[in-house]
S.K.: 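Structure incoming, see below.
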Amino acid sequence: MEELKKLAEAFELEGKVLEVKPLGNGLINDTYKVVTAAGSPDYVLQRINNAIFKDVELLQHNIEAVTGHIRAKLVAAGEKDLDRKVLRFVKVKGGDKTWLLQDGKYWRVSVFIPDAFTYETVNPEYSRFAGKAFGNFEARLSDIKESLGETIPDFHNMELRARQLREAVQNDAAGRLAADTGELKAILEDIDRYCEQMCKAERMYREGVLPKRICHCDTKVNNMMFDDKGEVLCVIDLDTVMPSFVFSDFGDFLRTAANTLPEDHPDYKGVDFRMDIFKAFSEGYIDGTRSFLTPVERENLPYAACLFPFMQAVRFFADYINGDTYYKIAYPEHNLVRTRNQMALFHSALSKVPEMTSWIASL
Ligand code: GN1
Ligand code: MG
C-alpha cells in the first residue's frame with residue numbers, strides 16, 4: 001500500500017493521505033479509495049487497464065471533455081453540489097495531465113463522492129430514476145463540441161463480436177473446444193441461430209437510418225451513484241463514453257438490472273428477464289431522451305434489450321474459449337458460467353419482445 005500511497009501523492013490532492021484501500025468490483029480496472037485527513041475530500045485512485053484501453057491519452061481526453069461539458073451545464077443551472085453530480089479528475093502535480101505513466105502502468109485520480117451508494121440490484125422505482133439519468137446523460141452530451149474517439153474501437157459492434165468469437169473458435173487457444181463433450185458446441189449453435197438477427201443495428205447504421213451518439217456504453221447498474229433518498233447523483237465509470245447506438249445504454253442497464261440473478265450466477269435456470277424493471281426503466285429513459293430520440297431508435301428498444309445479453313454472452317464465451325485473457329475470473333469455469341447465464345437472459349428477453357413492444361408503444 002506504501003507504493004499506492006506514493007502514486008496518489010503524485011497528484012494534486014488536498015489533505016494528507018492516511019490510507020489507500022481496494023474499492024468496488026469492476027472487471028477491468030483496479031480501483032482504490034484514498035482516504036485523506038478530516039476536512040479534505042477523499043479520492044479514487046485507479047489503474048487504467050491499458051491492455052484493454054490502448055490509447056489512454058484519448059480516453060482521458062474523452063473523459064475530460066465529457067465531465068467538463070456536464071460540469072459547465074450544471075454550473076449554468078446553478079448547481080451547488082458539483083463534486084457529487086459529476087466526476088472531477090485531478091491533475092498530476094506540476095503538470096497538465098490527468099494521468100500518470102509509471103513503470104508501464106497508467107494511473108488517474110478522481111474526487112471520491114461522499115455519502116453516495118451503488119447497488120448491484122435495483123427496484124422498479126430506482127430503475128425509473130436510472131432510466132431518466134442515463135437518458136439525461138445522453139441528452140446533455142448531445143451538443144458537445146469536442147469530438148470524441150472510440151476508446152475501444154467498435155466496442156459494441158455485434159458483427160465484430162461475432163467475428164471475434166469465430167476467430168476464438170478457430171484458434172481454440174486453451175484447447176477447451178477440443179475437450180468439449182457437447183455443451184460448447186450447443187452454445188455455439190444457439191449463438192449462430194440468432195447472430196444475424198442480432199446484427200441488425202450495424203445494418204441499419206450502414207443504411208443510414210440509425211445514428212451514433214455519445215453514449216456511456218457501460219450502463220451496468222453499479223455504474224450509477226445514488227444518494228440516501230434514491231435520487232441519482234451521477235454516472236461513473238466513464239472509460240467507455242464514446243459514439244455508439246443508444247441501444248448500448250438502454251440494453252446494458254437492463255442486462256444487469258432486469259436479470260433476476262447476477263450475471264455470473266450459476267443457477268441459469270433461475271434467470272428471468274424482469275418486465276417490471278423493463279417498464280419502469282423504459283419510462284424513465286423515454287422521458288429523459290424526448291428531446292432527441294428518433295422513432296427508429298424508440299421502436300428498436302426491445303431489440304436492444306435482447307441484443308445486450310446476447311452480445312455479452314458472445315464476449316464471455318469468446319473469452320472462455322481464448323483461455324480467459326480479458327475478464328477477471330475467480331475460478332476456471334467463470335466465463336462459461338457467465339455465458340450460460342447471459343444466454344438464458346437473452347432467451348427470456350426474446351420471449352418478451354411482444355410485451356415490450358406494446359409497452360413502448362403505449363408510452
Ligand atoms: C466490463 O469494467 P466493468 O466491470 O464495469 C466491460 C463491460 C461488460 C462488463 C460485464 C471495457 O465492465 O463491457 O459489459 O464488464 N467493460 C469493458 O460485466 O469491456
Ligand atoms: Mg464499473
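Hydrogens, waters and symmetry mates are skipped; everything else that's a heavy atom, side chains included, is used. When a ligand or atom number is given, it counts from 1 through the structure's own listing order.
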S.K.: What class does the angle between the rings of F129 and Y126 fall in, given that below 30° is parallel, 30 to 60° is tilted and above 60° is perpendicular?
M.R.: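 Rings of F129 and Y126: tilted, 30 to 60°.
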
S.K.: Does ligand 1 have an atom that lies less than 4.0 angstrom from a heavy atom of I152?
M.R.: yes

S.K.: Below 4.0 angstrom, N of the basic side chain to O of the carboxylate: do E12 and K91 qualify?
M.R.: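 Looking at E12 and K91, the cut-off is not met.
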
S.K.: For ligand 1, which is the ligand I care about here, please tell me if T240 has any N or O atom under 3.5 Å from one of the ligand's N or O atoms.
M.R.: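 No, T240 has no N/O under 3.5 Å of an N/O on ligand 1.
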
S.K.: For H156 and ligand 1, does the shortest N/O to N/O distance drop below 3.5 Å?
M.R.: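 For ligand 1, there is no N or O atom that lies under 3.5 Å from one belonging to H156.
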
S.K.: Any non-hydrogen atom of R315 lying under 4.0 Å from ligand 1?
M.R.: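 Yes, that is the case, since the closest heavy atom of the residue is under 4.0 Å from the ligand.
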
S.K.: Would you call D143 and K73 a salt bridge, taking side-chain N to carboxylate O under 4.0 Å as the test?
M.R.: yes

S.K.: Check this for me, if you would: do D218 and K220 make a salt bridge, where the nitrogen-to-carboxylate-oxygen distance has to be below 4.0 angstrom?
M.R.: no

S.K.: Looking at Q312, is its backbone amide N or carbonyl O close enough to the side chain of R338 to form a donor-acceptor pair, meaning the two atoms are under 3.5 Å apart?
M.R.: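 Absent.
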
S.K.: Of all the heavy atoms in F53, does at least one lie under 4.0 Å from an atom in ligand 1?
M.R.: yes

S.K.: Answer side chain, backbone, both or neither: which part of D237 comes under 4.0 Å from ligand 1, heavy atoms only.
M.R.: side chain

S.K.: Excluding sequence neighbours, so at least two apart, what forms salt bridge (Lys or Arg N to Asp or Glu O under 4.0 Å) with R315?
M.R.: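 Salt bridge (Lys or Arg N to Asp or Glu O under 4.0 Å) check on R315 returns nothing, list empty.
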
S.K.: Among M311, Q342, K328, E263, which one puts a heavy atom closest to atom 18 (O) of ligand 1?
M.R.: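 Ranked by closest heavy atom to atom 18 (O) of ligand 1, first place is E263.
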
S.K.: Give the atoms of ligand 1, by number and element, whose distance to some non-hydrogen atom of Y327 is under 4.0 Å.
M.R.: 15 (O)

S.K.: Thinking salt bridges, do D249 and R213 make one under a 4.0 Å N-O criterion?
M.R.: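 Here D249 does not pair with R213 in a salt bridge, since their nearest N and O are not under 4.0 Å apart.
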
S.K.: Please could you name the atoms of ligand 1 that Y326 approaches to less than 4.0 Å, counting only its heavy atoms?
M.R.: 11 (C), 17 (C), 19 (O)

S.K.: Among Y326, Y327, F317, find the one that has a side chain to side chain contact (heavy atoms under 4.5 Å, CB included) with N335.
M.R.: Y327

S.K.: With backbone taken as N, CA, C and O and side chain as the heavy atoms from C-beta onward, which portion of N223 lies under 4.0 Å from ligand 1: side chain, backbone, both, or neither?
M.R.: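 It is the side chain that touches ligand 1; the backbone stays farther off.
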
S.K.: Counting only heavy atoms closer than 4.0 Å, does ligand 1 sit against the backbone of L27, its side chain, both, or neither?
M.R.: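 For L27, the contact with ligand 1 is made by both the backbone and the side chain.
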
S.K.: For D218, counting its heavy atoms only, list the atoms of ligand 1 lying under 4.0 Å from any of them.
M.R.: 3 (P), 5 (O), 7 (C), 12 (O)

